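See below for the structure under consideration.
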Amino acid sequence: MPDPILHSHGLEPFLSSISSATDCAEQPGIRIGIEPGLCHINLRGDPGSVEFIDAVNSVLQQDLPLAANTMTTGNNRIYWLGPNEWLIISSLEKDKDRVTNLRESVRGQHACVTDLSGGQLALRINGPHARDVLAKGCTLDFHPSVFHSGHCAQSGLAKTGVLIGLLDDGSEFEIVVRRSFVDYLAHWLQHAAEEFGVEFSVI
Amino acid sequence: MQPNRLKQGGRIDRSRPLDFFFNGRQYRGYAGDTLASALLANDVSIVGRSFKLHRPRGIVGCGAEEPNAILQIGSGATTLPNQRATQVELYDGLEARTNKGWPNVNYDIAAVNDSLGRLFSAGFYYKTFMYPRMLWESYEKLIRRSAGMGRSPRLPDPDHYDHRNAYCDVLVAGAGPSGLMAALTAAHSGARVLIADEQSEFGGQLLSSAESIDGKSAQSWLQDTLYQLSQFENVIMLPRSTVFGYFDHNFLAIAQRCTDHLGGNLTGQIRERQWRVRAKQVVLAQGAIERPLVFCNNDRPGVMLASAVSSYVNRYAVCPGKRTVVFTNNDSAYQTAIDLHQAGSEVVAIVDSRIDGAGGLGEAVRNLGIAVFQNHVVTDVSGRRRVSGVLVAKWDGDRCAQINHTISMDCDLLAISGGWSPAVHLHSQSGGKNVWNEDLQCFVAGESVQNCISTGAGNGYWSLRSCLQSGHDNGRDAAVLSGFETVDLSLPSVDDLHSNALQPLWRVPASKDPDRCPKQFLDYQNDTSVADVRLAVREGYQNVEHVKRYTALGFGTDQGKLGNINGMAALAECLDRPIPEVGTTTFRPAYTPVTFGVCAGDHVGDLYDPERKTAMHEWHLSKDAPFENVGQWLRPWYFPRGDEALEAAVARECLATRRSAGIMDASTLGKIIVQGPDSVTFLERIYTHDVANMKIGRCAYGIMLGEDGMMKDDGVMARLDENQFYLTTTTGGAAQVLAWLEIWLQTEWPELDVHLTSVTDHFSTIAVAGPNSRRVLQNAGCSIDLERQSFPFMSVQMAELAGVTVQIFRVSFSGELAFEVNVDSGYALYIWKKLMEAGKEYDITPYGTETMHVLRAEKGFVILGQDTDGSVSPHDLGMHWMMSKTRDHLGKRSLSRPDGKRGDRKQLVGLLSTDNTTVLTEGAQLIENPDAPPPVPLLGHVTSSYASACLGHPIALALVAGGRKRKGETLFAAASDGSMVPVKIVSPVFYDPKGERQHA
Amino acid sequence: MFLIKCPFCGERAETEFSYGGEAGINRPLDPDALSDVEWADYLFMRKNPRGAHKELWNHAQGCRRWFGVERDTVSYRISRSFELPAGDKGP
Amino acid sequence: MKKYSAFGLLRNAIGHNRHWQPAWRNPDPKRKYDVVIVGGGGHGLATAYYLAKEHGIHNVAVLEKGWIGGGNTGRNTTIVRSNYLWTEAALLYEKSLQLWEGLSQELNYNVMFSQRGVYNLGHSLQDMRDIERRVSANRLNGLDAVVVNTEQIKAAIPMINTSANARYPILGASLQKRGGVARHDAVAWGFARAADALGVDIIQQCEVTGIQRDGRRVTGVETTRGRIEADKVGVVVAGNASVLASMAELRLPIESHPLQAFVSEPLKPVLDTVVMSNAVHGYISQSDKGELVIGAGIDAYNGYGQRGSFPTIEHAAAAIIELFPVFSRVRMLRMWGGIVDVCPDACPIISKMPVDGLYFNCGWGTGGFKATPGSGWVFAHTIARDRAHDLNTAFDLNRFTSGALIDEHGAAGVAH
């Protein structure tokens, strides 16, 4: 692959249009970071198969989350998406051959490895009002007693489907959205977060 | 000067005077006032005219039940129609106007209707305005003009609205004494509590109560309690928030008003927020609504609910009259007499219909020197524009009697209480029935069908003590039911003089029978009187729903909060049946009206629906391409050069592509990876063609049918590996097709080992078409041999292009030599630009959806959804060759039904206008005889029609009955503008019929 | 708005789901052997009961799995959600 | 039946309105009728009226489990139009529209049929192709219909948002000027009064619990008020067709869904026509009383609860604001739901059944109100003659077997 500089995530015009608007002295109630250039891999397989689990583990060096609505973090962020489906997110640079290696490791099994890096974008959301903003557009319960760190869920946010996970220390959400919706979602977030003050940045 | 303002007391802030305007005249009130209290303080007695009879009307209540003081607030884009003055918080500069009355509300010419009142009896419009028929439209214009209430804004709303989803263990609707106790108790147990109240301040009845709690004033207990509640992290308190809807599975909607009270010109902020709450348990503490008494002229300005009078006196420091008569059938209005007396206002008398009168409260009243007329009723009111006196008669409790008055009393305020009706609306909305309580003479909540419980006055507990007690108990139980420990709080002590004794008095007898006496109103806003209900019954409209619909009872903006029970009682009397047998009505959301805006939230304007954009979107924008909505996607329609119009641009794009090279963003196509050992088996059940025989690296055109045999979707299928396939779908069909594949896989054939993954967004697709397309790719640094022998038509290869790994499909939707490049969307814009650069020497021309449509139509390729609808089979499109002869697939069986074999099915054909110049209208119907009278047999319609620059004449595709056999025949294309264009039926393939170019 | 229990993800709001109609309509194994009437019965005829109804729902915005729900079509109460029976490859 | 007139109104007013006659009798059911109509909605009452008037069959009972007009007749958004795409549907609805045009006079009951025009908006190029297709078909079928452009729409409906920057800009519309709205309750009451005057027994609070047969022939019905014999039984019970069918051991190609609507508080006239949009999923008119009457989409699930899910209302509110941004501050007064019986092809079944003497009229989906008089007219013909009229031949139950569906999805969608 060529230089990552060639890579685009679709939010460039959005970011350039709002750069001046967020020039506020006060601490924003919500910060939204865009993390481009990540490797997104969709993994399908049988969690009941030791062979499958071992194969995946040998490549990822990390356990697949087997409980519903959970994620594991380590070298990668691995999200449970369904009873036989996971999303693996890691840095693109570090994991150039990740897709090939994973695919090799499960060859011969009824498993499936699909590169979705171009199709998804991960947003990081933190700040004192992060939960308030998410609750505006999502029907999940974001109360800390329910949505704690390591918890994740696929749901709808405003009018698009998303995957939401709460990362390690419980202060930052990761939101994965399909690329074609990312411009819409960024506009919606900007609108929804306006009352709290919002700041966008590229991580 | 505020003539009715008390010198002291109340919860208003006398240091913050606020000026406001009513019908253009300036008045002054204070912070803490409602518009109604400020109007009363200024002795404004007429605030509206009734709907039909234009009778002058004054403020009756102090909350959501108000039927008369319905005003227009503000002007311009932020004007608000139909606001209840009793619920509008006063702000500086507020402008309010009445809806009716010409020349003005005080002197209204249309009040002549009142003297013709009997003409405007219930249902009169069903009986007239019919003859002559042609005049109905003129009658209707008049009716419409006189109907309606407030005026809609005529400019777009500058404010915002939003939604907030919330969960709680215990939702408490209403923050009066019982609601507060419930919330407090539940909060102590650790439950997540959300408590909402429609008023600006929590407290409900406590805000205007003169009673004491724990030896302190009710207001000071309230303050302590609110402080305690605010200290809980697990409690959310929402004032100005009406729980307006109770839906299935304990889902409730709350409308929170955020800015209205701050003043009308504050725009651009979040004006209202809708809380969408999923509650484990709900405590319904919405209190009770006082009922008016029904007697002659009971609608005169100056007749008010007793509890409202108390509120105005105690909470707003306004005494709405100087001489008051209290008329009641129960204890509660005695407190009003006391409140008035304490405020220094004269209470002429209490007229109590009961023989025994009140107990403890009666004594208290007598100790104050207030006269009590037990066993008496008010039969009529004098004064047209303001109460000037009442007529009082002794009454022995016989409801059928006609009685004459014996006493007349001068007064300017009549405070009435006909008892209380619990606000059972939310309980009813939740699906619960309401049941009649004979002791209390009201409907109370019956058995709960969802996880909710009614409490306090909302469940028929009238006294403060019992409200606190039931709130405590129900709050505790709700917390326990949602999984928390039992908590018992000590209850505050309250003196209770109140007794529940109430005398049923649904209509006060008059000196004449109810059809002849002055009107006894049930529903003020709609002018529904007892006589109207009697008329409805007489005419056979006897079911309560018929009565309501025929007389409009309960159809006002208060939705019958004030009048429904009295109306049902009038019906019961008329039918001589007990009230519960007459039935109850089912309440529907909203409890009080909510704006469309708050229901829609932020899903308006730019955010109404997502705009899906491709990775090349910005590039298209930079070329000033207009966009076409295809589903949620934005697709470039054409790429104008300078001020080129659509036709010219498309002609240029078409020619460039046919002659050299064109490039198109095809990223919106749906893309699905099918993987697994049973992929072939699975796909053969879905698609019509032979999948098993496809070689690895080859592509095929595929169609899928619905089980009804009709075309569902189409696209390219590529075999990437033994067990891996790649499918494309139509842009609009992507999500639907994936769902369709999944439902069959998961529900019908779960034994098949197949995984489906959408890669629609991952891959961007760039189509390069035209005789020079191969050279463009080569120029861009394509790593593979693109020549015909090594990369034949309908095959797929992996490659490096400008250093990026891509997947190249040699497929063509234009009929030209063409390549579709699939690239990781992160690199798509880069590759697009590279291809543009590489194509420069071939004048590579970007084209949009319109050119794509023309190119494919020249080839006779159909677009599903345009050239087909849900009634077109593959046979109709001439796709017999696509159908497997040997095996079953979805939809196949349906094709052999009798209708599938009809000879006159509509079939795909080409059309040429016989003059060879007219571009047919898409959608035009095809007929044989242009002179036939209607109904003309319709043979089909034009599905696609374009000017073909390449062919030099227009072309069209059509579906025509038995079309394939009609080739050479002439039909007429009849468009909606009446034009008739003769057309010849030809083959649908206009260009390169042998298909040589795509194989180049 | 319903609260629907996805057997895999737990209770979620109705807006995450799409509806799939009556459950348990099995596609005939040999459609060609069916009369037109029998085929129409499979294609179009539905129980559409007033009361208990076994129906299909898809967790469209979640795990994308189809599952069964038993719901009363009058009270809208859901008595249970269930996973669809796993496939049997058969002979 | 005493005729209603302005003079009668005046005369009765003088008599303190004490001499009005009941609009219909309240009889006990007889032992036997020539025809029993199950369902006292607009369609059932119209059927009874036309049986008596057009076919001379007066020994007819209409059995209603609740109160007449209490089902979908009293729960719809009252839109009347006939501009359907397919000839079969267009001619049936046009027959109905023609009956509407003289209905107040025919029944001597003002049903307030108001021909204020119906606009069906187009928001995409494909919408506009479909509109052209439908309007040209309408014209050839003898219906009034025109295609109008954005400027014409804006001129007729000043409050509408015709901005090209809207998310789904309005590109044009079809207009049927003869379309409009009517007063829904009055339709049921008017037919009831007129049918009663012709001898029809209208029996309320009488629920049918069984359909009795002797071999292949219907013999009567079992009801909560006892057994009633009948030579012929016509069933027209929107929202309960499958339930009644199961009493005769039949299944129908029907699913029942909630369909919701809501009204605003009454406003001074602000919208003088009917506006419908399939793409933006909302339709709106203003009643004579001043309320904006708004139809929402259908809820996806089967439901007999006469209520739907709130998000459906939220979507409809957003759609209305998209079309009419000025209504954002207007308030919704009341929402409700009806039960619509939906056929796979969005067209009704007006048909003889496999049991002799049993007839069903059902599956009107979201579009039944406009068809009320026409539906009654052809159903009466079908029952009286034991065969379909030309206008409803295509709406036979057998079309689901033969495959000859009349697919109105494109033309009907959710919007009625």
Side-chain angles (χ1 to χ4, degrees), chain B residues 80-82 118-119 121 126-130 133 140 143-144 147-149 151-154 156-157 247 515-516 535 538-540 543 545-546 549 557 588-590 593-597 599-600 603-604 608-609 629 869-871 897-900 922-925 934-936 938 941 974-976, chain D residues 4 6 9 13 16-18 20 22-24 67 70 87 104-105 109-110 114 124 126 129 132-133 135-137 140-142 147 167-168 185-186 265-270 288-290 310 313-314 317-318 320-322 325-336 402-404 407 409-410:
Chain B
L80 296 170
N82 301 332
R118 278 182 262 148
L119 262 181
S121 57
Y126 302 127
K127 299 171 183 164
T128 184
F129 304 129
M130 282 179 280
R133 185 176 133 188
E140 195 193 20
I143 293 172
R144 284 171 80 86
M149 296 178 72
R151 288 169 203 284
S152 162
R154 293 190 166 245
D157 192 343
F247 305 96
D515 299 323
R516 291 167 180 268
L535 172 60
R538 195 173 299 134
E539 293 193 86
N543 184 287
E545 288 297 333
H546 282 158
R549 287 155 183 262
T557 59
R588 311 213 171 263
V594 290
T595 58
F596 293 4
C599 291
H603 301 302
V604 296
Y608 173 67
D609 204 38
N629 283 313
D869 55 26
S871 66
R897 293 176 300 177
D899 200 64
E922 287 178 336
Q925 294 287 335
V936 185
L938 306 178
H941 74 288
S976 67
Chain D
Y4 291 153
L9 209 60
H16 294 271
N17 291 315
R18 289 201 292 192
W20 289 106
W24 53 81
W67 37 283
T87 300
S104 292
Q105 293 72 29
Y109 201 103
N110 192 349
S114 168
S124 68
Q126 187 57 40
R129 289 181 199 109
E132 172 66 30
R133 178 185 178 192
V135 170
S136 56
L140 294 165
N141 274 322
V147 177
R167 177 65 186 89
Y168 294 109
D185 294 326
E265 296 179 302
L267 299 166
K268 287 290 171 196
V270 63
D288 283 345
K289 200 176 173 214
F310 187 53
I313 296 287
E314 294 174 319
I320 293 307
I321 295 173
E322 182 67 6
V326 300
F327 292 155
S328 160
R329 299 169 90 83
V330 170
R331 298 194 296 190
M332 173 177 79
L333 180 61
R334 180 173 67 249
M335 64 171 88
W336 68 91
S402 71
D407 199 335
H409 277 299

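Every heavy atom of this structure was used, including side-chain atoms; hydrogens, water molecules and symmetry mates were not. Not measured: the values here are computed from a predicted model. The sequence lines fix the lettering, A, B, ..., with proteins before strands; numbering per chain opens at 1.
- Taking chain B as the reference chain and counting heavy-atom pairs below 4.5 Å, the highest number among S104(D), A318(D), S402(D) is found for S402(D).
- Judged purely by atom type and a 3.5 angstrom limit, R538(B) uses its side chain to pair as donor or acceptor with the backbone of N17(D).
- From Q925(B), atom CD reaches atom OG1 of T87(D) across 7.5 Å, with rounding to the nearest 0.5 Å.
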Evaluate the side-chain contact (heavy atoms from CB on, under 4.5 Å) criterion for residues E132(D) and H941(B): first the C-alpha distance (whole Å), next the side-chain angles of each, then the deciding distance (0.1 Å), finally the verdict. CA-CA 10 Å; E132(D) 172 66 30; H941(B) 74 288; over 6 Å; no

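- Of the atoms belonging to L119(B), heavy atoms from both backbone and side chain fall under 4.5 Å from chain D.
- The contact between Q105(D) and chain B is made by backbone and side chain atoms together, counting heavy-atom distances below 4.5 Å.
- The minimum heavy-atom distance between Y4(D) and Y126(B), with the atom names listed, is CD1-O, 4.2 Å.
- Every residue meeting the salt bridge (charged side-chain N to carboxylate O under 4.0 Å, His left out) condition with K127(B), not counting sequence neighbours, appears here in chain and number order: E539(B).
- When the candidates R144(B), R897(B), M149(B) are compared by the number of heavy-atom contacts under 4.5 Å with chain D, R144(B) comes out ahead.
- Ranked by non-hydrogen atom pairs under 4.5 Å with chain D, the options S976(B), G540(B), P935(B) are led by S976(B).
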I'd like to know whether R133(D) forms a side-chain contact (heavy atoms from CB on, under 4.5 Å) with D869(B), so could you lay out the CA-CA distance, the side-chain angles of the two residues, the decisive distance to 0.1 Å, and finally the verdict. CA-CA 12 Å; R133(D) 178 185 178 192; D869(B) 55 26; 2.9 Å; yes

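- When all heavy atoms of S152(B) and V330(D) are compared, the closest pair comes out as OG-CG2, 3.9 Å.
- With a 4.5 angstrom heavy-atom cutoff, S114(D) touches chain B via backbone and side-chain atoms both.
- Chosen from N543(B), V604(B), V936(B), V594(B), the residue pairing most often with chain D at heavy-atom distances under 4.5 Å is V594(B).
- A pairwise comparison of heavy atoms in F596(B) and A317(D) identifies O-CB, 3.7 Å as the closest pair.
- H546(B) NE2 to W67(D) CH2: the interatomic distance, rounded to the nearest 0.5 Å, is 5.5 Å.
- The greatest number of non-hydrogen atom pairs below 4.5 Å with chain B, out of G290(D), P325(D), S124(D), is found for P325(D).
- If you take OG1 on T557(B) and CZ on R334(D), they are separated by 11.0 Å, rounding to the nearest 0.5 Å.
- Contacts with chain D were tallied for S121(B), P153(B), P589(B); P589(B) has the most, counting heavy-atom pairs under 4.5 Å.
- With sequence neighbours excluded, the residues satisfying side chain to side chain donor-acceptor pair (under 3.5 Å) with D899(B) are R902(B), R905(B).
- Contacts with chain B were tallied for M335(D), R331(D), M332(D); R331(D) has the most, counting heavy-atom pairs under 4.5 Å.
- The shortest non-hydrogen separation linking G148(B) to K268(D) is O-NZ, 3.8 Å.
- Checking side-chain atoms of N82(B) against main-chain N and O of L267(D) turns up no donor-acceptor pair under 3.5 Å.
- In terms of heavy-atom pairs under 4.5 Å with chain D, the best-connected choice from A600(B), G597(B), A147(B), P593(B) is P593(B).
- To the nearest 0.5 Å, atoms CD (E322(D)) and CG (D609(B)) are separated by 8.5 Å.
- Looking at I320(D), the atoms closer than 4.5 Å to chain B (heavy atoms on both sides) all sit in the side chain, from C-beta outward.
- For chain B, the nearby part of I321(D) is the side chain; its heavy atoms alone come within less than 4.5 Å.
- Within 6.0 Å of CZ on R151(B) lie no more than 12 heavy atoms contributed by other residues, nucleotides or ligands.
- Proximity to chain B (any heavy atom under 4.5 Å) is restricted, for D185(D), to the side chain, taken from C-beta onward.
- Considering only heavy-atom pairs separated by less than 4.5 Å from chain B, the leading option among W336(D), F327(D), Y168(D) is Y168(D).
- Your options are A924(B), G900(B), P81(B), P934(B), and the one with the most heavy-atom pairs under 4.5 Å with chain D is P934(B).
- Closest non-hydrogen pair, T595(B) versus S328(D), comes out as CB-O, 3.6 Å.
- Between chain B and the options V270(D), L333(D), V135(D), heavy-atom pairs under 4.5 Å are most frequent for L333(D).
- The choice from A186(D), A137(D), G142(D) that makes the most heavy-atom pairs within less than 4.5 Å of chain B is A137(D).
- Atoms CG and CZ, from N110(D) and F129(B) in turn, are 8.0 Å apart once rounded to the nearest 0.5 Å.
- Taking each heavy atom of A975(B) and S136(D) in turn, the nearest pair found is C-CB, 3.8 Å.
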